[in-house]
Amino acid sequence: MTSTPDAPAVGALSGLFESTFGSAPDGVWQAPGRVNLIGEHTDYNEGFVLPFAIDKTAKVAVRIRHDSRVRLLSTFGGQGLVEADVDALVPEAAKGWTKYPLGVAWALQQRGVLVPGFDLLMDSDVPLGAGLSSSHAIECAVISALNELTGAGLGAEDMVLATQRAENDFVGAPTGIMDQSASLRGSKGHAVFLDCRDQSVQLVPFDAQEAGLVLLVIDTKVSHSHADGGYASRRASCELGAQVLGVPALRDVGIGDLEEASGLLDSTTFRRVRHIVTENDRVLQTVERLTTEGPAHIGRLLDASHASMRDDFEISCPELDLAVETSRAHGAIGARMTGGGFGGSAIALTPVGHEQEVRDAVVRAFAAAGFTTPDIFTVTPAAGATRLA
């Protein structure tokens, strides 16, 4: 679908494209970053997640070429114009942000889609390394553009799987399907309740403002990367746990199975498994409470999720813990780290009347600890990927 665009932003991007590449783009597409309300590392365990698309996006202006040449330019990062051959894409040759659009083109080729050369100009206001899925926003904007321009006709579910393959096999990040699903299937005013086993989606109302709340994002400025060893080692622990317990995935382990599991697994693997099992249960409880009672009733579940990630999955860091603890001490009704961990952002569900107090307290606490000053901003559930022009 085509949305009502921010005309100056789209016009500026189109104008820069034309001045860079010599003619107008075929169109401009946009895809949002995401915040995961709850359900961390459950996606690749075929479990449940509850993210939502946010009002910060990646935009791409794209024009199809009549040869195999690809030319890529970003408005940020200082990398300059990058060129590649669409018929000779290899993961090892891709550098920086360009591995995401090139990975999408490669993944479409693996599905049998004939991808010609193209020119692409990218702009994004999704914070980098903040755990808000800036990379998936780029991928989802690019696949929305190439899906339309090549006539591939892929539905949202297939685009999710194609971008996952780009992440896993081209970028080298062993991620699941949550981020792409939120970016491609998000809806204004709703969280996306996703069953990662069958990709079924239920849109769950999440209107914090109506409940007198804001959702603060606290970007700790501790950059993280899914392509490093921490994420991969957690995934390996989960796969080992499922293998020892004799189940296809940890989705199939219930709360009542944990006592038996503790006797079958080493202590570290058991803690990893316990996080996944209890986190799946917290997602289901959160969906129930949002559906029947509203956002004011999910705070304790957010707190419990953070404790589990800190203690059982061990993916938090001092900056994230300080952001969560300080937010709770100054009025937030619930807070947790969000994203893959080892840095990135925390979220704090906060009464409107306490917003400034939480902001000020977190900045003071970071200064006192000698940490980099965090960026703090609000997000609201936004629409998913769309064509702007």
Side-chain angles (χ1 to χ4, degrees), residues 1-3 5 10 13-14 17 21 24-34 51 53 57-74 84-87 89 94 97-124 126 133-171 175-187 192 194 199-201 382-389:
M1 75 184 269
T2 303
S3 74
V10 173
L13 193 65
S14 296
F17 183 99
F21 296 115
D26 293 331
V28 178
W29 288 260
Q30 168 181 283
R34 66 95 189 93
T57 64
K59 296 179 178 67
V60 295
V62 183
R63 182 186 63 199
I64 292 295
R65 298 176 57 87
H66 298 294
D67 55 23
S68 64
R69 191 179 180 194
V70 177
R71 297 189 293 176
L72 306 169
L73 182 66
S74 169
D85 186 330
V86 77
D87 293 331
L89 297 177
W97 74 273
T98 64
K99 60 190 174 185
Y100 302 113
L102 294 177
V104 167
W106 175 87
L108 286 172
Q109 290 173 332
Q110 302 307 301
R111 297 182 68 93
V113 176
L114 181 61
V115 181
F118 57 93
D119 295 330
L120 181 148
L121 176 65
M122 192 271 290
D123 180 59
S124 178
V126 185
S133 201
S134 57
S135 61
H136 288 95
I138 296 169
E139 290 169 347
C140 290
V142 172
I143 201 168
S144 297
L146 293 181
N147 185 51
E148 182 174 340
L149 293 174
T150 64
L154 300 180
E157 294 89 343
D158 287 330
M159 287 195 286
V160 164
L161 294 177
T163 51
Q164 183 192 23
R165 183 164 189 190
E167 278 281 318
N168 293 173
D169 298 338
F170 196 89
V171 176
T175 56
I177 63 171
M178 173 181 69
D179 298 345
Q180 306 95 318
S181 296
S183 188
L184 289 164
R185 305 177 77 179
S187 176
V192 178
L194 171 67
Q199 282 205 71
S200 60
V201 160
T386 188
R387 181 171 182 161
L388 294 177

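Pairing each heavy atom of V192 with each of G186, the nearest pair is CG2-CA, 3.8 Å. Nearest approach of A162 to A107, heavy atoms of both residues: O-CB, 3.3 Å. Nearest heavy-atom pair, A58 versus I138, reported as atom, atom and distance to 0.1 Å: CB-N, 3.8 Å. Smallest separation of non-hydrogen atoms from V126 and A137: CG2-CB, 4.2 Å. The heavy-atom pair separating A385 from L184 by the smallest distance is CB-CD2, 3.9 Å. Of all non-hydrogen atoms in R34 and S133, the two that sit nearest each other are CG-CB, 3.8 Å.
From L194, atom CG reaches atom CD1 of I177 across 5.0 Å, with rounding to the nearest 0.5 Å. Note that CG of L120 is 11.5 Å distant from CZ of R71, once rounded to the nearest 0.5 Å. How far CD of E139 is from OG of S144: 11.5 Å, rounded to the nearest 0.5 Å.
Listed by chain and residue number, A31, P32, C140 satisfy the side-chain contact (heavy atoms from CB on, under 4.5 Å) test with S183 (two or more places apart in sequence, or in another chain). Checked against side-chain contact (heavy atoms from CB on, under 4.5 Å), S135 has the following partners two or more places apart in sequence or in another chain: Y100, E167. By the side chain to side chain donor-acceptor pair (under 3.5 Å) test, E148 is found to be paired with W29, R387, residues two or more places apart in sequence or in another chain being considered. Every residue meeting the side-chain contact (heavy atoms from CB on, under 4.5 Å) condition with T98, not counting sequence neighbours, appears here in chain and number order: L72, Q79, V82, L102. Residues satisfying the side chain to side chain donor-acceptor pair (under 3.5 Å) test with R65, not counting sequence neighbours, are D67, D119. Annotation: salt bridge (charged side-chain N to carboxylate O under 4.0 Å, His left out) contacts of D123 (sequence neighbours excluded): none. Every salt bridge (charged side-chain N to carboxylate O under 4.0 Å, His left out) that D169 has, sequence neighbours left out, goes to R165. Residues satisfying the side-chain contact (heavy atoms from CB on, under 4.5 Å) criterion with A383, sequence neighbours excluded, are absent altogether. Partners of F17 under the ring pair (Phe, Tyr, Trp, His ring centres under 6.0 Å) rule, at least two apart in sequence or in another chain, are F21. Here W106 pairs with F170 under the ring pair (Phe, Tyr, Trp, His ring centres under 6.0 Å) rule; sequence neighbours left out. The side chain to side chain donor-acceptor pair (under 3.5 Å) search around D87 returns none, not counting sequence neighbours.
Residues T175 and N168 have side chains in contact (heavy-atom distance under 4.5 Å, counting atoms from C-beta outward). Contact annotation: the side chain of V62 never approaches that of D26 to less than 4.5 Å [non-hydrogen atoms, C-beta and beyond]. No side-chain heavy atom of T150 sits under 4.5 Å from any side-chain heavy atom of L114.
At distances below 3.5 Å, not a single donor-acceptor pair connects side-chain atoms of Q164 with backbone N or O atoms of Q180. Checked by atom type and distance alone, the side chain of T57 never pairs as donor or acceptor with a backbone atom of K59 at under 3.5 Å. Listed for the N147 side chain is a donor-acceptor partner under 3.5 Å among the backbone atoms of G153.
Applying the salt bridge (charged side-chain N to carboxylate O under 4.0 Å, His left out) test to pairs two or more places apart or on separate chains, those with a residue in residues 150-159 are R111-D158, E157-R185.
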- Task: Given side chain to side chain contact (heavy atoms under 4.5 Å, CB included), test V70 with L89 step by step and report yes or no.
- Result: CA-CA 10 Å; V70 177; L89 297 177; 5.6 Å; no
- Query: Yes or no on side chain to side chain contact (heavy atoms under 4.5 Å, CB included) for L149 and F118, after CA distance, side-chain angles and deciding distance?
  - Reply: CA-CA 10 Å; L149 293 174; F118 57 93; over 6 Å; no
- Tell me, with the steps shown, if Q109 and V86 meet side chain to side chain contact (heavy atoms under 4.5 Å, CB included). CA-CA 9 Å; Q109 290 173 332; V86 77; 3.7 Å; yes
- Message: Apply side chain to side chain contact (heavy atoms under 4.5 Å, CB included) to residues M178 and H136 and explain how you reach the verdict.
- Response: CA-CA 10 Å; M178 173 181 69; H136 288 95; over 6 Å; no
